[in-house]
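Reading through the structure tokens given below for one structure.
The sequence lines fix the lettering, A, B, ..., with proteins before strands; numbering per chain opens at 1. Keep in mind that this is a model prediction, so the values were computed, not measured. Just the heavy atoms: all of them, side chains too, but no hydrogens, waters or symmetry mates, feed the values below.
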Amino acid sequence: MSWWKSLLPKRASDTQMNSELRFHIDELTDENIAVGMSPEEARRRAILEFGGQEKFKEEVRDVYRVRILDASVANLKSAFRFIRKSPTFSITVILTLALAIGANSAVFSAINAILLKPLPFPDADQLMRVDQYNPKNPRPFHLVAPVRLEDWNRLNSTFAALTGYYAEDISESTGALPEKVTRAWVSPRFFQVWAVTPALGREFTPDEETLNGPAAVLISDRFWRRRFNADPNIVGKNLRLDGHLTPIVGVMPPSFLFPNREADLWCPIPAGLFHGQARENDWFTIIGRLKPGVTVAQARANLATVQAQLGRQFPKTDADLSVGIEPLKETTIADSRRSLWLLFGSVTLLLFIACTNIVALLLSRSAQRQHEISVRFSLGAPRGALIAQLLTETFLLALVGSGLGLFLAAAASDIFRSLAAQLPRVEEIHLDARIVLYSLACSVVVTLLSGLVPAVRGTHRSLSASLAQSSRSQVSGRNPFQWLLVGIQVALAVTLLAGAGLLLRSFQQLGRVTRGFDSSHILAFQLSMNYGETGDMKKLRQFTDRVLETLRATPGVESAAISVGAPGVPFKYETELKLLEGRSESEPKLIAENRLVSASYFATMRIPLLAGEVCRETDGPPTVVVNRGFADAYFPGEPVIGHHVQSINMGYSGAAEIVGVSGDARESGLDLAPVPTAYWCAPFAEPGTYFLVRTHNAPMTMAETIRRQLHEIEPLRSAYDFAPLEQHFSDALSENRLRTVLLTFFAATALSLACIGLYGTLSYNVNIRRREVGLRLALGALRGQIVKQFLWQGLAVCILGCIAGFALAAASSRVLAGLLYGISPSDLPTLSVVILLVLVVAAAASLIPAIRASRVDPVQVLRDE
Amino acid sequence: MPIEKSDLLQGTLDMLILKIVALGSVHGYGISLRIRQISKEVLQVQQGSLYPALHRLEKRGWLEAEWGASDKGRQAKFYKLSAKGRKQLESEESNWNRLASAVANILQTAQ
């Protein structure tokens, strides 16, 4: 009849337990009756002898209860005690983890903000960047003519709406001094695409979006706070934008940073502007919002059809064009994705190194605690409970470490902003619940990674039993597992150092390139202008001449020039040029980077003229200077001077004679080799033009003088963005610098951790072998031999680690390819230096314990025996 | 002089139980009888305290339990030693002997 009970889970139900205890009491009662007691007395005595039934029942129930909470509390208490008892150990672990988890969370917070989170607009995944490009042009020009945007809007069926914008820096002059503001001209359907409404005030009315309608401006939250102190009654007040009174109709919400965080104002751009009608005038950047449920592929197919239709309708301008559609998030993130994942990868390696380090620390720690552990075993503690307790200790340390690490993560946005202000979405990096959760997850992973092995090994029964008996007898000095850990740390550190070394070398190479121009003593700045001014070229010319003459007349200024795009700072204006003399189909098309410069540009930037003459600033037909790369690529072995070229995209430039050949200069970025370039003599400043001034002394010392001089002749314009040209290079390389600086920091930390690991393991080893060393010294061993032996023990592991790290670095070199300049990812000198560095540092870390070993006093050791 | 419960190390009680159960299938009451007989009333544990220990050993897999009828026909829970319990008993016995002889040694030398 009892067979079915065995089917029940092995859990004492209360009825079973009751009947078991009742049986005992019944038997006791019988026993008592047998010695002559009355049944009542016998029962009373039996119950007494048995003891407190309820208490025992509770104890039995406890046996089966999974007492997670109670056990955890007890474990936590003992973990706190453990941390208090060994502060040095605990602080080492906590700081290591604070650094490793903190750095990891910091990089993750950047990845989260920049790569993972959607853009801060409603249904941001529907937002697309739409470009036109000519597939025959290797480096396409992405802007779109406003009239084509209207066609796309009319003909497509996949976008809810498409809108275009154009941004320029202008002057706002209602204050005491004119202030530079960044204005984005936005085409109709702007609000429909962004699905953002003003936080204050209203959107533009259809009236304001028509030609010659009333003026209106929306201002950014930042501008509203900075300039108007967040005045709630701002709507209806006027701004004077380049002299035009424009009423403020609303304030956009703070999250609306579009087209970039510099944007201050948005003005409606009416369809039908004079320079919006020509199909060649490409100057809009296009953003579209997909209809719900439409995929990117569908949109691409749809707009391709639309553009093909336009190509048939306008063969001259539209036949060659294709439409490119990319999610706006992708184009916003651009190239920062690789840098960020690279950083995340390296910071994760760093975390692994930290874990490995802690494994080693915990292992030597549990060797010291073997006595405590074996006592607890003999008191009947199950192994699981001991492992749980050891893991709780590690977890507590990891938790405290990750808590401290959050401070580091909280500083992440400042760190990223100061290292790489140009990083997209950098202002969105901040500490949020996701980062806290991530840190917490890190500490759990760290606990398992670094706590499990030591806990399992430390509670190994046979080990702890034998050690408890023989704490004074010999312990094997060979603990291969700990040396393996040291080797792993060294290998990972070498990998990180190799990456950092390559990035550093690449940065150094960038500083060494032949730029082709002399950027020292150049002060660059801009003047607020608007595109409307390009309507009157004569007035523009007068303005430009007046400014340049004033600059040249300023004491301390050697020369002054203008250029659209500052030399050496990423700026692309690549178009196809048409040769008026004709060119056969078989010859390569003339694709050239264009620079609109004043004639003084070459002297100011010290770009040598190799042949011919500098372009002429005349009112006659324009002239062009090409660089040597242009001449060599398109006119090899024949004179280039005297030919006439016309830019296909720059509709207003007309045919120009090539009058000179200049040296090659890295115009569009220090990291880009010079490409064929055409310098157009255009003594007209336009929005985006840089004024370049060569000064006798440090450039910035002239900034204030120049600003004052300019205010006298151009009181309504603001001069801004004053900086030495070299500063612009540094800004342009900020993402490069970010990854270089951070990776170097991570690698240095990794190396120090690996050295601490090596030092700790070797010291521990020396400690447990003290007696052996003492004996050998007593038997006549030389101290030099002892040093050599321990030094070699440490170095041998490091050499193996270096070999493994070298292989790892070589295997992961692909990660770096494309991020390096002027250096191959498997650059042998760099890797050799890294390995040499590691070995030297490792030797230093090994030397201290090795020397300590040799100083063991044999008499002392023998006496201790 | 009877040994108080608090002095009786938990591990010692466990070992005694294992030792008794090793002799054959037995219920809790039987175990308490044997402890009283073997130790000649020196070890006075409250009889009920046996049960938490029994259940603990059962949960660890050292004991196996089965319900059956006692001599007098009452339903009782019988315990017997598992293979794992037998190994445990062996190691505890040798530990105990080592400890006991070590203690005895110390006491002798101290005299």
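Within the 4.5 angstrom heavy-atom criterion, only side-chain atoms of B/Leu33, from C-beta onward, approach chain A. No part of A/Ile25 comes within reach of chain B, as not one of its non-hydrogen atoms sits under 4.5 angstrom from that chain.
With sequence neighbours excluded, the residues forming a side-chain hydrogen bond (donor to acceptor under 3.5 Å, both in side chains) with A/Asn18 are A/Lys57, listed by chain and number. In this structure, A/Gln482 has no side-chain hydrogen bond (donor to acceptor under 3.5 Å, both in side chains) partners at least two apart in sequence or on a different chain.
Contact record, B/Trp67 with A/Ser19: CH2-OG, 3.1 Å, taken as the closest heavy-atom pair. The minimum heavy-atom distance between A/Phe23 and B/Gln75, with the atom names listed, is CD1-O, 3.7 Å. Among all heavy-atom pairs drawn from B/Ser32 and A/His24, the shortest one is OG-CE1, 3.5 Å.
By the neighbour-count criterion of 12 heavy atoms within 6.0 Å, atom CZ of A/Phe481 is densely surrounded, having more than that number from other residues, nucleotides or ligands. Counting heavy atoms of neighbouring residues, nucleotides and ligands inside a 6.0 Å radius, atom CZ of A/Arg45 does not exceed 12 of them.
Classification of the A/Phe50-B/Tyr51 ring pair by plane angle, with boundaries at 30° and 60°, yields tilted.
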Could you go through B/Lys72 and A/Glu27, starting from their C-alpha distance and side-chain angles, then the distance that decides it, and tell me whether this counts as side chain to side chain contact (heavy atoms under 4.5 Å, CB included)? CA-CA 9 Å; B/Lys72 294 174 192 164; A/Glu27 291 286 323; 3.5 Å; yes

